[in-house]
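A quick write-up on the structure given underneath.
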Protein chains: 2
Amino acid sequence: MSQQVPALPDLPEATVARLPEYLRALHHLAESGNDTVSSEALAGAAGVNSAKLRKDLSHLGSYGTRGVGYDVALLIDQIEYVLGLTQRRAVALVGVGNLGHALAGYAGFGSRGFRIAALFDADPGRVGEHINGLVVRHIDELPEIAEAESIAIGVIATPATAAQSVADRLVAAGVTSILNFAPCVLSVPDGVDVRKVDLAIELQILSFHEHRKASLIALPAAGGLTALPGGLAATGTEEAVGS
Amino acid sequence: MSQQVPALPDLPEATVARLPEYLRALHHLAESGNDTVSSEALAGAAGVNSAKLRKDLSHLGSYGTRGVGYDVALLIDQIEYVLGLTQRRAVALVGVGNLGHALAGYAGFGSRGFRIAALFDADPGRVGEHINGLVVRHIDELPEIAEAESIAIGVIATPATAAQSVADRLVAAGVTSILNFAPCVLSVPDGVDVRKVDLAIELQILSFHEHRKASLIALPAAGGLTALPGGLAATGTEEAVGS
DNA sequence: CGCGATTTGTGCACGACTTCACAAGCGCCT
DNA sequence: AGGCGCTTGTGAAGTCGTGCACAAATCGCG
């Protein structure tokens, strides 16, 4: 009975991280009226190597047709199933400051499988405020609302000083996945997943590459930007930096 | 003469991605009055393995003392030098919608080596607006301002439909590093670095793990969350999910 | 019905990254 | 001065991810 669905294979983490990108590209293709797509075309739209794409898709039980390509609608269903997006997941957002406001109003969550079910803040001055059709609750109300709304995912958009405390409260309220925008490391029990997004870190990584590029052109030119191997610098493939 | 500074070693990309996290932890330690720190302690504060930390630091020419640890202030200087943060880098932010507003007001950029030098938007209704002490300019003014302010880093916070066009304009204006918040793949010439941050993708990755956890407890319990190997689930180390 | 064009799925080799385990080095205490 | 404990730096092994190159499979057409 529970073996009806193709039991989740344990995908490589790198593959999981790319599936959402494939999904986005597929939705785009579907809207453009495409019925099928080759691995080459889909890989191009997702910004990856076509062999990598095929290997990724093969991990979730191949649904392509040789000589033809992949059925766009079928592949969308498959990936959405694997990612657990067949149900719309409820998300709690904690911290409605500068960034939290923007996240609460971000349309991308709603259109890609998520529903912001509740907003929380510790500042009584912010409690009661209406944002995008939702009212900000006090963080003390988290347990009851998390229970009532079946919230399993939490987003932390508080200052770093409050983040660990908020994480503890989220875990206590039954949250098992956390997206952390605060610039700090969180400690959570086993079984709870944490992903971190730090905007300043992304810029610092870019800064390193700027520094490297600048030091290269300062050296006696040897195979740097000055020697363009392929003729004119083609507006071609994106330069991959990091993951 | 130009060999005075320890010429940039080409660090592994994975190391570069972790250096900013070390830097943040080091600043925190310095504020707490710590003078030196062991690899074990710093690794804990940064959420990584201590062997990994030592290898990362060894790549930039070891500045630790055996039996003692690392000099906090010296290490901060080293990492900031390698990341190119000795100068405060000017950043252009394009798109002052929902997310752009939040980014323009984000204090973390200023405190970690960056200066938002200009805001741009294509919507005439938004041009002229004051945000956080800056006035929003029209995107057509980008070339002159980028030149005047020596802007080499651009942040794209526009809708996906506009992102490629904005990227082209940024590159034409001399920008060589782009941080892209729009959910799409950018094509840029060689020599231009792009990093992408997609908030919905992060949630979808968490959703996958939720789905996996849910399907595990649905199966006959075999080594899942039910069998706690180390006694009580200690509020210990963070569970690493992806990079 | 058979053949060629096309595209998937994958074995294999390579490279990157991680982790362990330990020798080498440093400071402190006696 | 000498020895001991602590910590770094790194060789080596293991793991993970990537990309090539090709066999297998499918469709369309004559």
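Below, chain A is the first sequence line, B the second, and so on; all start at residue 1. Not measured: the values here are computed from a predicted model.
For the pair A/Leu57 CG and C/dG9 P, the computed distance is 8 Å after rounding to whole Å. One atom, CG of B/Asp71, and another, C1' of C/dC26, lie 15 Å apart when rounded to the nearest Å. Between B/His59 atom NE2 and D/dG11 atom P there is a gap of 11 Å when expressed in whole angstrom units. One can place CD of B/Glu40 at 14 Å from P of C/dA21, the figure rounded to the nearest angstrom. In this structure, A/Leu42 places its CG atom 14 Å from P of C/dT7, rounding to the nearest Å. In this structure, the OH atom of A/Tyr63 is 17 Å from the P atom of C/dT8, given to the nearest Å. Straight-line distance from the CG atom of B/Asp56 to the P atom of C/dA16: 16 Å, rounded to whole Å. As a whole-Å value, the separation of B/Leu53 CG from D/dT7 P is 14 Å.
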Quiz item: What is the per-nucleotide protein-contact pattern of nucleotides 24-30 of chain D, from the 5' end, where B denotes a base atom under 4.0 Å from a protein heavy atom, S denotes such proximity for sugar-phosphate atoms only, and - denotes neither?
Solution: BBBS---
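When the nearest nucleotides of DNA chain D are assigned to A/Arg54 and B/Val37 by heavy-atom distance, the more 5′-ward of the two goes with B/Val37.
The side chain of A/Asn49 lies closest to D/dC20, out of C/dT8, C/dA21, D/dC20. When the nucleotides C/dC20, C/dT8, D/dG17 are ranked by their closest atom to the side chain of B/Ala51, C/dC20 comes out on top. For B/Tyr70, whose side chain is taken as the heavy atoms from C-beta onward, the closest listed nucleotide among D/dG19, D/dT8, C/dC17 is D/dT8. In the set D/dT10, C/dT10, C/dT19, C/dT19 carries the atom at the smallest distance from any side-chain atom of B/Lys52.
Within the 4.5 Å cutoff, the side chain of A/Pro20 has no heavy atoms near those of the B/Phe208 side chain. A 4.5 Å side-chain heavy-atom check between B/Leu26 and B/Leu42 finds at least one atom pair inside the cut-off. In this structure, A/Leu199 and A/Leu203 have side chains that are not in contact, with every pair of non-hydrogen atoms separated by 4.5 Å or more.
Salt bridge present: A/Arg24 and A/Glu21 bring a charged side-chain N and a carboxylate O closer than 4.0 Å.
Here B/Ser39 reaches the OP1 or OP2 of D/dT8: one of its side-chain N or O atoms lies under 4.0 Å away.
Proximity of a side-chain donor or acceptor of B/Glu40 to a complementary backbone N or O of B/Ser50 within less than 3.5 Å is not detected.
Scanning all heavy atoms of the two residues, the minimum distance from B/Tyr81 to B/Thr86 falls at CA-CG2, 4.0 Å.
No N or O donor and acceptor, one from the side chain of A/Lys55 and one from the base of C/dG9, sit under 3.5 Å apart.
Remark: A/Arg112 engages B/Asp198 in a salt bridge (charged side-chain N to carboxylate O under 4.0 Å, His left out) (not counting sequence neighbours).
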